[in-house]
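Heads up, the thing below is written out as structure tokens.
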Amino acid sequence: MSVSGDQTLEGELVRLSYSNKDGSWAVGRLRVAGGTEVPTVGPIGHVTEGQHVSLTGRWIEHATYGRQFKVSSVLVEDPRTLRGLERYLASGAVHGLGETFAARIVDQFGLDTLRVIAEEPHRLLEVQGIGKKRLAQVKAQWVRERANREVMASLRGYGLGAALAIRIVDRWGKDAPAIVAREPYRMCAEIRGIGFRTADAIARENGIPKDDPGRAEAALIHLLREAEGQGHCFLPKGELLTRAEKLDVPAEQGIPALDRMALQGHAIVNKGLDPQRDPVYPPDLAQAELFVARTLARLARPQDNPVRKQRVRQAIERAQRGIGLELSPGQVDAVALALSHGVCVITGGPGTGKTTIVRILVEAARDLDEDLRLAAPTGRAAKRLFEATGAQAKTIHRLLEFNGRTGTFTRDLDEPIDGDGVLVDEASMVDLRLMQSLLRALPDGARLVLVGDADQLPSVGAGRVLADVIAAGIVPVATLREVFRQAAGSGIVRNAWRINSGQPPISAERDATAPAGAARDFFLVDRDHVNDARATLLEIVSKRLPRLSFDPLRDVQVLTPMHSGPLGTVALNQALQALLNPTGPQLTRGDKILRVGDRVLQVRNNYDLDIFNGDVGRVVTATSNGVVIDFGDPDDPNEVAITGQALRDIELAYAISIHKSQGSEYPAVVIALHRAHRIMLRRNLLYTAVTRARRFCCIVGAPWAIRTACQQSGGDERWTRLAERLVDEGGGG
């Protein structure tokens, strides 16, 4: 609720505690006259700490965070105080200057610092510790930033971050300001990270009319990109035009705009009997879907080789004897299927022996003198695959040798992967684009084995590849349904199957169906009030589980559906850090505190540091300049120093979202599930969370929320035609 009208605040941005990728939404604190710090939210992510700003906006009352200043436009100026100059230089605004050198430079030149850097940079050699190499770095960075500042001067108030300004300059050079002013909608198509609303605001500012043809095309491009972010490969034409109307683009403008885009190759429209249902694709996703379907259909063509089948069966028998494991007939058939076809899927729920099958499969492939490469979508999943098999396993990105600077994979059609095949574990997490890249790099004659649980959450990216491949019926599928005796004794496994069949789970003390001697490893703790649920969850993690010999810092993972609210990751991480790791050396950046011993999560790929989204580590050193995080294991440490802007990508990981937990397993899992999470409550969400637990699982929350989650199937349906295309391609083969 607004508590006042538009007004202007002026002051120094002292810190940013959060910023999204393009800077269009950020949370920070502004120091105004008198020294008071004001919480601010809005398009301020491009502002560097220490800069002086004039913010236009209004006061709001947030339900969780209280009174805030919601920013609508920003005017950025140079720092006006010595401390502001230090913050500005130390925050990464000038590459090569950290806190130490920033303080020395400001101490040397005072408020004249920025003029010296711009006009007399050679004088920086007067500062202790700055040599010719560092001076060259500073000069090069300053020249580039000067060009960026010229662009930013024409974009002030639109919330475009520094990273976007660099992309605009890289794309259009000295013509950037003129293009942005006269053809702002080009940014939607040509500049990654700029959406329709931003371009539309700039167009309004420059007097471009609403019926400009470029406006409707930009809206459609934006909507197709937005749909991909929601997991869709396309939008039906009618749905696309309906969404466009919500952006004030009527059908009489949207239809001809779509026709123009189709003619120019900016959209692919698959025409059918009902124009309203015609799929409209971004061109690259249409190509990816067709390529994946054709390649999988080709790999799936029948291979009738009796000699090969006999050799495979013999290799499986030797592998079982060598490892000392005996497979069931269904498991043997699954391994044989994988080693006898160009592509196959092995799928099943918890306790059905997927890990055992993979062990035998890898050993049998070795017996057949085949090099089967192992991969998984995340580093945690790849580590689990290595632990299960003893064979080297990589993330798919590392297997394909991703180049972070070019955004491309080294391994492709021209330089395929070395090996006779690839086994991908946790295949439900693989999206359409990644599957296309993997198939492009698969050598001729190589096989592909997809292992996963199709009932888990789908991939974050576009498509539902594993589910579509299974549904098409073209690729051979081994579906494991038998739960083995040892697994059947686990309450975690039994309740995962209950949840997946739509039945509510049963706590160990009330489970009359448990076999004799069954493990008491699954519990429900009913708490209707959100504050009671939170207090109980904190007590379980900090007191009850340690009494069961679980180390809360190493063994226990809290999972929750959402980031915000009292049972979200942000609030729970702050509370758990205060309980489990309250003191010690620390680094403070805005509202973020990182202490030695904290469990932390990398939330974006950083190819320079070779750490990736989803990597979990532990802080081993913390100073005012940065932290050192060990992303490895006690036997194989991987310590990485993180400073500057890279710190924004590190978050506490005592509590993480269920989506982030995919591909991982933990000794003990505590799940928060409450009415506050109602928009997220789905069967596959709860099923995924429960199956992350290895030895102990506890759900804390409202019985209504648990029942609702079990009953709500679907809810994350996606527009994709991969299954249909597979049928078409398979029938044609």
Side-chain angles (χ1 to χ4, degrees), residues 228-233 285 288-289 292 296 343-350 354-355 358 373-388 393-400 402 409 422-439 441 448-471 475 477 496 500 557 559 561 601-605 612-616 656-666 669 680 682-693 715-718 720 722-723:
E228 180 179 355
Q230 297 163 349
H232 302 301
C233 297
L285 277 180
E289 193 175 77
V292 169
L296 289 178
V343 60
C344 87
V345 172
I346 299 174
T347 185
K354 293 192 298 295
T355 300
V358 169
R373 309 294 298 276
L374 306 184
T378 68
R380 300 283 290 184
K383 178 186 172 186
R384 286 178 54 207
L385 190 55
F386 163 72
E387 291 170 347
K394 298 181 178 181
T395 64
I396 298 174
H397 277 71
R398 284 193 172 105
L399 180 69
L400 301 182
F402 186 76
F409 293 105
V422 177
L423 182 148
V424 177
D425 198 13
E426 297 288 352
S428 62
M429 299 176 66
V430 179
D431 62 32
L432 183 66
R433 291 187 186 275
L434 188 56
M435 180 57 72
Q436 179 194 32
S437 297
L438 178 61
L439 292 174
L448 176 66
V449 182
L450 302 176
V451 181
D453 186 345
D455 293 319
Q456 290 186 17
L457 289 167
S459 59
V460 174
R464 52 178 187 199
V465 174
L466 183 65
D468 280 352
V469 169
I470 294 171
V475 170
V477 177
N500 205 30
Q557 182 62 63
L559 301 180
L601 177 74
Q602 175 74 16
V603 298
R604 292 190 185 94
N605 292 340
F612 299 89
N613 184 10
D615 284 354
V616 175
I656 63 174
S657 71
I658 296 171
H659 281 83
K660 284 286 187 188
S661 74
Q662 282 184 274
S664 299
E665 256 189 10
Y666 312 95
V669 166
M680 298 289 290
R682 293 290 183 273
R683 184 182 302 167
N684 59 1
L685 185 87
L686 180 55
Y687 175 75
T688 299
V690 169
T691 54
R692 301 308 92 201
D716 50 10
E717 291 81 4
R718 298 181 171 193
T720 161
L722 178 59

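Residues satisfying the ring-ring contact (aromatic ring centres under 6.0 Å, His included) criterion with His232, sequence neighbours excluded, are Trp719. Shown here are the side chain to side chain contact (heavy atoms under 4.5 Å, CB included) partners of Val616, two or more places apart in sequence or in another chain: Arg380, Arg599, Leu601. Gln230 is linked by a side chain to side chain donor-acceptor pair (under 3.5 Å) to Arg243, counting only residues two or more places apart in sequence or in another chain. Checked against side chain to side chain donor-acceptor pair (under 3.5 Å), Lys383 has the following partners two or more places apart in sequence or in another chain: Asp633. Under the rule for a side chain to side chain donor-acceptor pair (under 3.5 Å), Lys394 has no partner lying at least two apart in sequence or in another chain. For Tyr666, there are no ring-ring contact (aromatic ring centres under 6.0 Å, His included) partners, not counting sequence neighbours. In this structure Asn684 satisfies the side chain to side chain donor-acceptor pair (under 3.5 Å) test together with Asp716, sequence neighbours excluded.
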Identify each donor-acceptor pair in which a side-chain atom of residues 424-432 lies under 3.5 Å from a protein atom, sequence neighbours left out, and give them as a table.
| unit_1 | atom_1 | unit_2 | atom_2 | d |
| --- | --- | --- | --- | --- |
| Glu426 | OE2 | Arg384 | NH1 | 3.1 |
| Asp431 | OD1 | Arg433 | N | 3.2 |
| Asp431 | OD1 | Leu434 | N | 2.8 |

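No side-chain heavy atom of Val449 sits less than 4.5 Å from a side-chain heavy atom of Val422. In this structure, Glu665 and Thr691 have side chains that are not in contact, with every pair of non-hydrogen atoms separated by 4.5 Å or more. Inter-residue side-chain proximity for Arg682 and Tyr687 is flagged as unmet; no heavy-atom pair is nearer than 4.5 Å. Proximity of Leu296 to Leu448: side-chain heavy atoms (C-beta onward) are separated by under 4.5 Å at one or more points.
For the atom pair CG (Leu285) and CD (Glu228), the distance works out to 4.5 Å, reported to the nearest 0.5 Å. Taking CD1 from Ile396 and CE from Met435, the interatomic distance works out to 7.0 Å, rounded to the nearest 0.5 Å. Interatomic distance, Cys233 SG to Arg718 CZ, rounded to the nearest 0.5 Å: 8.5 Å. Atom-to-atom distance recorded for Ile656:CD1 and Leu559:CG is 5.5 Å, nearest 0.5 angstrom. In this structure, the separation between CD on Gln662 and OG1 on Thr378 is 9.0 Å, given to the nearest 0.5 Å.
For the residue pair Gly379 and Asp615, the shortest heavy atom distance occurs at CA-OD1, 4.2 Å. Scanning all heavy atoms of the two residues, the minimum distance from Ile658 to Ala689 falls at CD1-CB, 3.8 Å. Of all non-hydrogen atoms in Val475 and Cys344, the two that sit nearest each other are CG1-CA, 3.9 Å. For the pair Lys354 and Val451, the tightest heavy-atom approach, listed with the atom from each and the gap, is CD-CG1, 4.2 Å. Contact detail for Ala393 and Ala382: the closest heavy-atom pair is CB-O, 3.4 Å. The shortest non-hydrogen separation linking Ala388 to Thr355 is CB-CG2, 3.5 Å.
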Residues Phe402, Thr395; criterion side-chain contact (heavy atoms from CB on, under 4.5 Å); working and verdict: CA-CA 10 Å; Phe402 186 76; Thr395 64; over 6 Å; no
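Residue pairs meeting the salt bridge (Lys or Arg N to Asp or Glu O under 4.0 Å) criterion with at least one member in residues 455-466, sequence neighbours excluded, are Arg464-Asp468.
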